[in-house]
Number of protein chains: 2
Amino acid sequence: MAGKSGAGGTDGRGAAGGAPPAPSLWERLERPAPAPRPAALSPARIAAAAVALADAEGLEAVTMRRLAADLGVAPMAAYRYVSGKDELIALMVDFVHGEMELPDGTEDWRKVMRAVGLRTRALMLKHPWTVRADHFSLTPNQFAVTERALTALGGLGLDADTMMAVFRTVSAYVHGAVGSEVGLSLMMRKRGWRTGDEAREGLAPEMTWLMNTGRYPATHQYLTEARRKDDAEWRFELGLDCVLDGVAARLGI
Amino acid sequence: MAGKSGAGGTDGRGAAGGAPPAPSLWERLERPAPAPRPAALSPARIAAAAVALADAEGLEAVTMRRLAADLGVAPMAAYRYVSGKDELIALMVDFVHGEMELPDGTEDWRKVMRAVGLRTRALMLKHPWTVRADHFSLTPNQFAVTERALTALGGLGLDADTMMAVFRTVSAYVHGAVGSEVGLSLMMRKRGWRTGDEAREGLAPEMTWLMNTGRYPATHQYLTEARRKDDAEWRFELGLDCVLDGVAARLGI
DNA sequence: AGCGGATGTGTACATCGTATCCATGGCGTA
DNA sequence: TACGCCATGGATACGATGTACACATCCGCT
């Protein structure tokens, strides 16, 4: 299904000659107002509204119709600016990465990577829906993050592949860790639990049954002995520091 | 929406007395055949069919109707076994984790964690849709993985919180890394690209425009210099080894 | 003055998840 | 042996979603 619109390229539309190669989403995003006409809609306005909606009510509330309603516009109006919902979400992901401030200056690579990790986590906790949205890291503001990391990794004698591998390793950890953190918090919100204790209480029947199978003694022991089950920040930073330690050690930087 | 069906608990249905506390999905999964009657459907059969479908045509092809058709059954039939699509997906995630063989024996913690990481990656590459499915790690077969990791981490003088933090750190890296790997490959499949070169060719217009903004010199340099852009396995194992190095170093194990 | 293209509107359709009610048939009990 | 019950699956239907398509409108340019 679909697939027809984007790929074809030279459909017979534009007389002869060469149809312009369909400007990319990011190209369109930057044209302040493609026409001199002060259009009511714009990619940026659409992105802002969609992000506000997703932040407030979750990604599942972001519906083309609901978005249009929030923008005071007809359901199909946004389709002049995004080719479909996929592009909408790409726009949203890019938009929120725009508000991430990157560490500047000539700091130590490790401080930069750590700061990027912490700020990425903050960003994702603030916009939990980013977890469900695909991120191929192909949007301008995501490239800006990559760019900052790569510059911090320059001048250390690493080849291009290794520099990128380091960034992606740290990135993978951050996305994975925040992903599970957010996953849990989304589940809690969906079921109406506000605290860790409430969640454990709500999960208790299922957990009790599972633990009573006797198959998970170590896990059961964890459940009874652990005292920092709700300290996500401690866990995240410990893990991040481990990752950075490992990168430094293995690559000798 | 919804939410009405699961929560209520004691609806007036069962005369007086105490209604049984609604057996969990996992409890139902294990009853070989809840009734003596040889039912055509079962959670396991449903899970197997759904997984086969998702493997073959992607998670978006897994529709209650399509699943029913594959099972040779009416669209609503599966609802006798799962409360809704969320539970279906939980069942699928659990099902595929059941085929993961865990390292046995009394091996070194590091070997175990590394093996678990590699096998998890293999599992996720084989079933790419697991990336989009939420994983709170709350299904029996996911607990089995956690259990194996925790036992490998025992006897090292770590407290319960730290042991779990280690497992979750490695796990976060693995899920993050494979997540982006799979994300890329899903995008490639969606756009019909089969090789890395095809993908780069297809992405070229967008990338060229982005790089021509001059904002990403380091990224641009990476694109021209890198020689292992398609070596996902190298990248994954390098990152995994970094993470394990860091854990070992920081925790002195 | 009037034309053309960019912008937003209205209507419509296939498809999705799932609530609800109905038919059936094998088992335990009498 | 006969009966009735409940687990099982079928049928129908509803509201919501993404989006294709054709139409109306209004600006700035010639």
Side-chain angles (χ1 to χ4, degrees), chain A residues 1-6 8 11 13-15 19-20 23 28 31-43 45-46 49-50 53-54 57-91 190, chain B residues 1-8 11 13-15 19-20 23 28 31-43 45-46 49-50 53-54 57-90 190:
Chain A
M1 35 192 69
K4 193 176 295 182
S5 61
D11 53 345
R13 193 116 72 107
R28 277 173 281 147
R31 289 196 259 206
R37 164 110 139 279
L41 254 33
S42 71
R45 220 166 86 75
I46 291 173
L53 178 54
E57 304 183 32
L59 192 55
E60 71 279 1
V62 179
T63 280
M64 297 309 281
R65 293 169 155 85
R66 174 65 191 278
L67 176 60
D70 285 10
L71 286 164
V73 114
M76 292 298 292
Y79 280 92
R80 295 274 172 205
Y81 299 86
V82 289
S83 69
K85 198 167 189 185
D86 286 356
E87 266 198 7
L88 204 222
I89 289 180
L91 208 51
K190 184 159 60 180
Chain B
M1 300 276 151
K4 195 177 293 182
S5 61
D11 53 345
R13 194 115 72 108
R28 276 173 281 149
R31 290 196 258 205
R37 164 111 138 277
L41 256 32
S42 71
R45 220 166 86 74
I46 291 173
L53 179 54
E57 305 183 29
L59 191 55
E60 71 279 2
V62 179
T63 278
M64 298 307 283
R65 292 168 155 88
R66 173 66 189 278
L67 176 60
D70 285 9
L71 286 164
V73 114
M76 292 297 293
Y79 280 93
R80 294 275 171 204
Y81 299 85
V82 289
S83 69
K85 199 168 189 184
D86 287 355
E87 266 198 7
L88 203 222
I89 289 182
K190 184 159 58 180

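So you know, we letter chains A, B, ... as the sequences are listed, proteins then strands, and number each from 1. Values in this document were obtained by computation on a predicted structure and should not be read as measured data.
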Visitor: If I compare all heavy atoms of A/M64 with all of A/L88, which pair ends up nearest, and what's the gap?
Guide: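 Heavy atoms of A/M64 and A/L88 come nearest at SD-CD1, 4.2 Å.
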Visitor: Send over the distance from A/I89 CD1 to D/dT19 P, rounded to a whole Å.
Guide: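 For the pair A/I89 CD1 and D/dT19 P, the rounded distance is 10 Å.
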Visitor: Let me check the geometry of the helix from C/dA1-D/dT30 to C/dA30-D/dT1. What is the bend angle between the axes at its two ends, five pairs each, to 10°?
Guide: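 It comes to 10° between the two terminal axes.
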Visitor: Using atom CZ of A/R45 as one end and atom C1' of C/dT7 as the other, report the distance to the nearest whole Å.
Guide: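 Nearest whole value for this atom pair: 13 Å.
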Visitor: Could you tell me how far apart A/M76 (CE) and D/dC23 (P) are, to the nearest whole angstrom?
Guide: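 Whole-Å distance recorded here is 15 Å.
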Visitor: If you compare all heavy atoms of A/E87 against all heavy atoms of A/S83, which two are closest, and at what distance to 0.1 Å?
Guide: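 It is OE1-N, 3.0 Å.
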Visitor: From A/K190 NZ over to A/E60 CD, what is the distance, rounded to the nearest 0.5 angstrom?
Guide: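 Between A/K190 NZ and A/E60 CD, I get 8.0 Å after rounding to 0.5 Å.
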Visitor: Taking for each residue the nucleotide of DNA chain C bearing the nearest heavy atom, is the 5' side occupied by B/E60 or by A/A77?
Guide: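 Residue closer to the 5' terminus by nearest nucleotide: A/A77.
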Visitor: I need the minimum non-hydrogen distance between A/Y81 and A/L41, along with the two atoms involved.
Guide: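 Closest approach of A/Y81 to A/L41, heavy atoms only: OH-O, 3.3 Å.
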Visitor: Please list, chain by chain and in numerical order, all residues satisfying side chain to side chain contact (heavy atoms under 4.5 Å, CB included) with A/A68, sequence neighbours excluded.
Guide: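 Only A/V73 meet the side chain to side chain contact (heavy atoms under 4.5 Å, CB included) criterion with A/A68.
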Visitor: Taking all heavy atoms of A/A49 and all of A/L71, pick out the closest pair and write down the distance.
Guide: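 Taking A/A49 first and A/L71 second, the nearest heavy atoms are CB-CD2, 3.6 Å.
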Visitor: Using a heavy-atom distance cut-off of less than 4.0 Å, which residues of residues 64-73 of chain A contact DNA chain C?
Guide: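 When residues 64-73 of chain A is checked for heavy atoms under 4.0 Å from DNA chain C, the hits, listed by number, are A/R65, A/V73.
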Visitor: Tell me: CZ of B/R28 to C1' of D/dT8, nearest whole Å?
Guide: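 Taking atom C1' of D/dT8 as the reference, CZ of B/R28 is at 15 Å.
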Visitor: Within this structure, what is the CG-CG distance for the pair A/L53 and A/L59, rounded to the nearest 0.5 Å?
Guide: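 Atom-to-atom, A/L53:CG and A/L59:CG are 9.0 Å apart.
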Visitor: Looking only at side-chain atoms of B/Y81, point me to the closest of C/dG17, D/dG9, C/dG8.
Guide: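 In terms of side-chain proximity for B/Y81, the closest of C/dG17, D/dG9, C/dG8 is D/dG9.
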Visitor: Under the rule for side-chain hydrogen bond (donor to acceptor under 3.5 Å, both in side chains), what residues qualify as partners of A/E57, not counting sequence neighbours?
Guide: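 If we apply the side-chain hydrogen bond (donor to acceptor under 3.5 Å, both in side chains) test to A/E57, skipping adjacent residues, the hits are A/R66.
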Visitor: Under the salt bridge (Lys or Arg N to Asp or Glu O under 4.0 Å) definition, can you give me all pairs with a residue in residues 71-85 of chain A, not counting sequence neighbours?
Guide: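 Non-adjacent pairs meeting salt bridge (Lys or Arg N to Asp or Glu O under 4.0 Å): zero.
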Visitor: Nearest whole Å is fine: how far is D/dA20 P from A/K85 NZ?
Guide: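 Interatomic distance, NZ of A/K85 to P of D/dA20: 15 Å.
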Visitor: Under 4.0 Å between a side-chain N or O of B/Y79 and OP1 or OP2 of D/dG10?
Guide: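 Result: no.
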Visitor: Using the closest heavy atom to pick a nucleotide of DNA chain D for each, name whichever of A/R80 or A/A61 lands nearer the 5' end.
Guide: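 This one resolves to A/A61.
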